[in-house]
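Read the numbers this way: they start at 1 and go in the same order the structure lists the ligands and their atoms.
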Amino acid sequence: MSDPSPGILGIETSCDETAAAVVDMEGNVVSSVLSSQTDVHAQYGGVVPELASRRHMETIEAIVKEAMDQAKMPWGDLRAIAVTRGPGLAGALVVGVSFGKALAYALGIPLIAVHHLEGHLASAWLDQQNFLTPSVMFVVSGGHTHLYHAIDRGRYELIGRTLDDAAGEAFDKGAKMLGLAYPGGPAIDRLACSGDPRVIRFPRPYLNRGGLNFSFSGIKTSLLYYLRDLDQREQSKSMADIAAGYQEAIVEVLVEKAFRAVRRYKVKGLAVVGGVSANSRLRALLLARASEVGIQLALPRLGFCTDNAAMIAVAGRQAYRLGRFASWELDAVADLSASALDGLESSTEFHKAGESEKR
Ligand code: KG4
Ligand code: ZN
């Protein structure tokens, strides 16, 4: 067997997953290890920031070692360390940034700062290296519902976003109302599989307004009222039908607006990434529509939709090729802007639609 080629180590600790991964210099994922904290937070019905950072501190060393072991890569073969700088939970981010910085310094290799969204965007290429630009790229996660016109790989123009809650939040909060366990998205997805989405029709928020923007706060209220008045309605409505109807309303808006963006920007490709892209109904509708209109669709494999470090390592490899390294003063930035990567360390250009190009 030939020796493994050198690689980049990615580290992700922005929320409740401690993750490390190695990609080789061709962009192949050679290891991806993740320790989920679901058990820690489930009893509280959501992520508790202090507990998240403590668990990151306890596990990060073992997770990084495991990623290197699985990659069968000697430390000396690492060319750089890429770490999520933000946005995310401050205390959680600091753990990854400090660990990555110390390790890079000790190994004498460059440190790369990755914007969490840039990581999700890069996940489109993890399994589909031939995904073409220009295209529309859509980040649907617990913190973001952001539509981008990807002019080129690494050059993203923001063309639409949620004005309030993210799609993942609508799933999580809806699940809580339905009495389902955290994390809510996968729970609704599972329950909805045995329900009929046509039994209860929830409003499609912003479907015919707001251009390419979204609003998901109203749909939670619809569910709240629906559940409050349930006693007076036929009791035969099953929880599965309610979950399916609720999911359908969110998913339909996501699909419609994504394809509206594809038409408006006249592109031949669409990538949908981030935690919500793991949703089975969303994936089914996207696949059907993409084949109907004949465009290339990039959907990460399930393990790469939700937070992971492979996407951070791949985004880091792109930055490495461009020679964009972070300084040793790098800090975690919890509220790092989604529409602009503002630091000099950024490896990606984000523009607001209409803003002049930087190059
Ligand atoms: O990308 P991610 O892991 O973290 C953020 O950057 O936010 O996304 C997490 C979000 C959560 O809101 C979770 O409920 C949602 O993704 N999610 C899903 C599914 N799997 C995860 N939502 C709907 N259906 C799923 N199967
Ligand atoms: Zn994420």
Handout entry: Interatomic spacing from NE2 in H116 to SG in C15 - rounded to 0.5 Å
Key = 8.0 Å
Practice task
For atom 6 (O) of ligand 1, state which one of E12, R283, H116 supplies the nearest heavy atom.
Solution key: H116
Practice task
Answer with side chain, backbone, both or neither: which part of D307 has a heavy atom less than 4.0 angstrom from an atom of ligand 1?
Solution key: both
Exercise for the section: Kindly confirm or rule out an N or O of F171 lying under 3.5 angstrom from an N or O of ligand 1. Expected result: no
Exercise for the section: Report yes if G184 has an N/O atom closer than 3.5 Å to an N/O atom of ligand 1; otherwise report no. Expected result: no
Practice task
State whether Y182 and K176 meet the cation-pi test: NZ (Lys) or CZ (Arg) under 6.0 Å from the six-membered ring centroid, and within 45° of the perpendicular axis.
Solution key: no
Practice task
Return a yes/no value for G274: is any of its N or O atoms, backbone included, closer than 3.5 angstrom to an N or O of ligand 1?
Solution key: no
Practice task
Indicate if the distance from the Zn ion (ligand 2) to the nearest N, O or S atom of C15 falls below 2.8 Å.
Solution key: no
Completion exercise
Any heavy atom of Q247 under 4.0 Å from ligand 1? The part involved is neither
Practice task
Identify the residue among I8, V33, V64, L9 that makes a side-chain contact (heavy atoms from CB on, under 4.5 Å) with V22.
Solution key: L9
Practice task
Ignoring angles and geometry beyond distance, decide whether S280 reaches within less than 3.5 Å of ligand 1 through its nitrogen or oxygen atoms.
Solution key: no
Practice task
Could you tell me whether R54 atom CZ has more than 12 heavy atoms of other residues or ligands within 6.0 Å of it?
Solution key: no
Practice task
Return yes or no for this condition: an N or O of G168 is under 3.5 Å from an N or O of ligand 1.
Solution key: yes
Exercise for the section: Please indicate whether Q129 has more than 12 foreign heavy atoms, meaning atoms of other residues, nucleotides or ligands, lying under 6.0 Å from its CD. Expected result: yes
Practice task
Please check if the distance between the ring centroids of F138 and F214 is under 6.0 Å.
Solution key: yes
Exercise for the section: Could you please spell out the steps behind the ring-ring contact (aromatic ring centres under 6.0 Å, His included) verdict for Y320 and F325? Expected result: CA-CA 7 Å; Y320 183 86; F325 303 124; 5.8 Å; yes
Completion exercise
Short version for T306: what comes under 4.0 Å of ligand 1, heavy atoms counted, is both
Problem - Contact check: H144 to the Zn ion (ligand 2), N/O/S below 2.8 Å - result: no
Completion exercise
For the Zn ion (ligand 2), angle spanned by H116 NE2 and H120 NE2 (nearest 10°) is 100°
